[in-house]
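What you see below is based on every heavy atom in this structure, not just the backbone, and it leaves out hydrogens, waters and symmetry mates. The structure displayed is predicted, hence computed values, not measured ones.
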Amino acid sequence: MKLQLSFWILTIMDLSTKLEYYWENLEERIDSLSVCLTSDTLSICDEIMSLNEKKVLLCNLKVIYSYFIAALKKDERLIIEEYAKNQTLEAISKMIGCSKSTVMRRLNKAVKKCSAVIMALGYNAAKLNSEYGGYAAVCGTYNRIRREHEMRRAAGQQSAADSMSESFAQSAQENITPPDSGGESAYLKPAS
């Protein structure tokens, strides 16, 4: 579950720049529904309630992100944000002017801090899966980050998730599944 939690941390960091866009998109959809004359009132109300629930989820992500930022040093924040955008450790090391091993060490430290923040807020990977598994935009980002991790691993590149300290890392061969998934893949599937 710790590896899966690191995917969630990277997902939240990556989504931080898109939260306002998603919020505005939901607002526009709610506005257009509120003046819709072609559907019955009950279905319109159900759809508006569903969209408002997604807005609450976005607010929660924004709060988690703000706690991440408060816990991280400036360089840790830059490293984890760039890594979430699929920058290589080499590219990040050139960007900030330090060695790849220093970048990896700082990235590990940042992920550990963010993990502690998530746990303190009462979240874990299973709870994040259950709350955000029905939100396609969030699932898409999570799945992209997981695929990038797998591609890095397949290409023989060291992934930050692979190199977490021994207390944080899990076996590279482990197949992580959410506890209630019945053995399905750890990729999130948006609810229909």
Side-chain angles (χ1 to χ4, degrees), residues 1 3-72 76-87 110-111 113-150 161 176-182 184-192:
M1 277 303 193
L3 184 59
Q4 200 172 12
L5 188 58
S6 68
F7 295 146
W8 273 111
I9 292 165
L10 294 171
T11 298
I12 294 167
M13 295 302 288
D14 187 61
L15 284 171
S16 67
T17 60
K18 302 168 187 134
L19 292 176
E20 287 298 319
Y21 169 78
Y22 292 142
W23 180 275
E24 289 170 7
N25 184 277
L26 291 172
E27 283 289 319
E28 288 173 10
R29 289 171 59 193
I30 290 170
D31 288 346
S32 68
L33 282 170
S34 64
V35 295
C36 180
L37 300 174
T38 60
S39 297
D40 66 281
T41 305
L42 188 57
S43 65
I44 291 173
C45 287
D46 287 343
E47 180 69 18
I48 289 174
M49 287 176 25
S50 173
L51 294 172
N52 278 325
E53 288 172 5
K54 287 182 178 183
K55 286 173 56 178
V56 169
L57 293 174
L58 290 178
C59 286
N60 289 345
L61 286 178
K62 197 168 189 172
V63 168
I64 293 169
Y65 177 75
S66 68
Y67 276 98
F68 283 177
I69 297 311
L72 296 172
E76 294 168 337
R77 176 183 172 187
L78 174 68
I79 290 169
I80 198 168
E81 285 178 342
E82 291 301 315
Y83 191 81
K85 294 176 189 170
N86 200 26
Q87 290 291 324
V111 170
K113 285 180 180 180
C114 291
S115 180
V117 165
I118 283 181
M119 297 297 201
L121 292 172
Y123 286 94
N124 58 31
K127 185 173 182 179
L128 290 165
N129 286 346
S130 77
E131 287 191 13
Y132 293 95
Y135 198 160
V138 177
C139 289
T141 301
Y142 176 91
N143 290 335
R144 178 186 54 80
I145 286 172
R146 184 169 171 89
R147 274 191 309 276
E148 289 166 358
H149 164 76
E150 290 171 354
I176 299 172
T177 58
D180 59 346
S181 70
E184 293 180 20
S185 165
Y187 286 107
L188 296 178
K189 295 176 183 77
S192 303

Side chain proximity check, [X] to [Y], heavy atoms < 4.5 angstrom:
X      : Y      : answer
Leu5   : Met119 : yes
His149 : Leu3   : yes
Val111 : Ile80  : yes
Thr141 : Arg144 : yes
Ile48  : Asn52  : yes
Ser16  : Phe68  : no

Start with the C-alpha gap between Leu10 and Met13, add the side-chain angles, then the distance that decides, and say whether side-chain contact (heavy atoms from CB on, under 4.5 Å) holds.
CA-CA 5 Å; Leu10 294 171; Met13 295 302 288; 5.6 Å; no
Value rounded to 0.5 Å, distance of [atom1] in [X] from [atom2] in [Y]:
X      : Y      : atom1 : atom2 : answer
Leu33  : Ile44  : CG    : CD1   : 6.5 Å
Lys113 : Ser115 : NZ    : OG    : 13.0 Å
Cys114 : Glu76  : SG    : CD    : 8.5 Å
Ile145 : Glu150 : CD1   : CD    : 12.5 Å
Ser32  : Glu28  : OG    : CD    : 8.5 Å
Tyr22  : Leu61  : OH    : CG    : 10.5 Å

- Answer yes when Lys85 and Glu82 have at least one side-chain N-carboxylate O distance shorter than 4.0 Å, and no when they do not. yes
Check your understanding: Is the shortest side-chain N to carboxylate O distance from Glu81 to Arg77 below 4.0 Å?
Key -> yes
* When you look at NZ of Lys62, are more than 12 heavy atoms from neighbouring residues, nucleotides or ligands closer to it than 6.0 Å? -> no
Does atom OH (Tyr123) have a neighbourhood of more than 12 heavy atoms from anything else shown, all under 6.0 Å?
yes
Taking every heavy atom of Gly133 against every heavy atom of Cys139, the minimum-distance pair comes out as O-SG, 3.1 Å
Between Glu148 and Ala84 the two heavy atoms that sit nearest each other are OE1-O, 4.4 Å
Only one of Leu15, Ile9, Asp14 passes side chain to side chain contact (heavy atoms under 4.5 Å, CB included) with Thr11, and that residue is Leu15
Only residue of Val63, Leu58, Val56 satisfying side chain to side chain contact (heavy atoms under 4.5 Å, CB included) with Asn60 is Val56
Should the ring pair Trp8 and Tyr142 be called parallel, tilted or perpendicular, given that the plane angle runs from 0 to 90° and is split at 30 and 60? tilted
Donor-acceptor pair, distance only, cut-off 3.5 Å: does the side chain of Tyr132 make one with the backbone of Leu57?
yes
Worked check of side-chain contact (heavy atoms from CB on, under 4.5 Å) between Lys55 and Ile30:
CA-CA 11 Å; Lys55 286 173 56 178; Ile30 290 170; 3.8 Å; yes
Residues passing the side chain to side chain contact (heavy atoms under 4.5 Å, CB included) test with Ser43, sequence neighbours excluded, are Ser39, Asp40
